[in-house]
> 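For reference, the structure I am asking about is given below.
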There are 2 protein chains.
Amino acid sequence: MARKSATLDPQRLDNQICFAVYSAAHAFNRVYKPLLDRLGLTYPQYLVMLVLWERDDVPVKDIGEKLFLDSGTLTPLLKRLEAAHLVKRTRSSEDERQVLIALTPQGHALKDKARSVPQSILAASDCSVSELVAMKDEIVALRDRLNAVIGE
Amino acid sequence: MARKSATLDPQRLDNQICFAVYSAAHAFNRVYKPLLDRLGLTYPQYLVMLVLWERDDVPVKDIGEKLFLDSGTLTPLLKRLEAAHLVKRTRSSEDERQVLIALTPQGHALKDKARSVPQSILAASDCSVSELVAMKDEIVALRDRLNAVIGE
DNA sequence: CCACATTCAATTGCGAACAATTAAATGTGA
DNA sequence: TCACATTTAATTGTTCGCAATTGAATGTGG
């Protein structure tokens, strides 16, 4: 059996890009936590709000496609946002299968309060915008290749 | 109020590196799922096994430091691994506060069965090893900068 | 030696994340 | 029209992930 040097061993934790991504996601989450606490949002809830701030009055499925989440995750999350008076859930009259998610006035208003969040994250990243954009594009490309494999 | 072009608006979902990382982590998880199902492991359990395959008989805290997880996550996870006969948990006699995690023979044996996992992931990434290593190093550096901010 | 702080794991409670199933509404082909 | 498939959310059950707390063991200063 060929002996591998530690820096090349693919079975080592530190050599795995997936662990890098996994642990970076958690690190982001910890940085976001205090910022989002002030808004009364969790990070996944913040993502849903970002979607809705771009376009309102959309079915659950549309939100799910943008965030790669299913109804099992979104249904209870959206109920919590509704309980917090940030969104309203109403069944579509055109297609009774769909539930449309609309922002309440408070939900719209929260966008302004959230405006400083991205720059706080940028500061914590301690990195230039152009570097972050380049990394983001690489990671998105990787994600899309992975997602392409799943649908096979 | 200055109007921002959509490609620069920092409040847009698609412009956020954290969402790229978040969604890439989930994509990885979905690719891993069928591979790890055969081993009877979840992804976080697989990470713990990677740590233990490198070094055995370590306290819970050491595993937590490597994976950035706390006892609230690890204690139940390790109990499941023990129920699956992959690890043994024993209180240290030198320091009764610590619980040492050791691999069982089955736990050791699983390393061989898991050997093909990294190359399956590499194939799904559809990317050269050198590109992945470069990305991994960038992401780890970002993660470490984020974690540095948290401890302030 | 003793009061006190610190360390470590376990526990509790809440919010994701996802697989699998269910139920209702809608679409489709014969 | 009617049987059947498809679509959409909701539901159930399991596993993370983390904050906050608890309790036991260990370390420290006086």
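Letters go in sequence order (proteins before strands), and every chain restarts at 1.
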> Short question: side chain of B:R91, backbone of B:V99 - any donor-acceptor pair under 3.5 Å?
no
> Looking at residues at least two apart in the chain, or sitting in another chain, which of them share a side chain to side chain donor-acceptor pair (under 3.5 Å) with B:K61?
B:E65
> Could you check which residues of residues 36-63 of chain A get a heavy atom under 4.0 Å from DNA chain D? Sort them by number, please.
A:P59, A:V60, A:K61
> Under the salt bridge (charged side-chain N to carboxylate O under 4.0 Å, His left out) test, which residues partner A:K88, sequence neighbours left out?
none
> Quick one: salt bridge (charged side-chain N to carboxylate O under 4.0 Å, His left out) partners of B:R89, sequence neighbours excluded?
B:E82
> Is there any side chain to side chain donor-acceptor pair (under 3.5 Å) pair reaching into residues 129-141 of chain B, and which pairs are they, with sequence neighbours excluded?
B:S128-B:S130, B:S128-B:E131
> Contact class for A:L74 vs. all strands (heavy atom < 4.0 Å): base, sugar-phosphate, or nothing?
nothing
> Is there a path of hydrophobic side-chain contacts, each under 4.5 Å between heavy atoms, that joins B:V140 and B:V129?
no
> For residues 16-35 of chain A, which residues have at least one heavy atom under 4.0 Å from DNA chain C?
none
> Identify, between A:L78 and B:F68, the residue whose nearest nucleotide on DNA chain D lies closer to the 5' end.
A:L78
> Do NZ/NE/NH1/NH2 and the carboxylate oxygens of B:K66 and B:D62 come within less than 4.0 Å?
no
> With the sugar-phosphate defined as primed atoms, P, OP1 and OP2, and the base as all remaining atoms, what B/S/- string results for nucleotides 20-26 of chain C, 5' to 3', for protein heavy atoms under 4.0 Å?
-----BS
> Considering residues at least two apart in sequence or located in another chain, which fulfil the side-chain contact (heavy atoms from CB on, under 4.5 Å) criterion with A:K111?
A:W53, A:R115, B:Q11
> By the side chain to side chain donor-acceptor pair (under 3.5 Å) test, which pairs, at least two apart or in different chains, include something from residues 17-31 of chain B?
A:R143-B:S23
> A:D14: which residues meet the salt bridge (charged side-chain N to carboxylate O under 4.0 Å, His left out) condition with it, sequence neighbours left out?
none
> By side chain to side chain donor-acceptor pair (under 3.5 Å), which residues pair with B:D56, not counting sequence neighbours?
B:H108
> Through what angle, rounded to 10 degrees, does the axis of the helix from C:dC1-D:dG30 to C:dA30-D:dT1 turn between its ends, using five pairs per end?
20°
> Which residue lies toward the 5' end of DNA chain C, A:L69 or B:Q98, if each is placed at its nearest nucleotide?
B:Q98
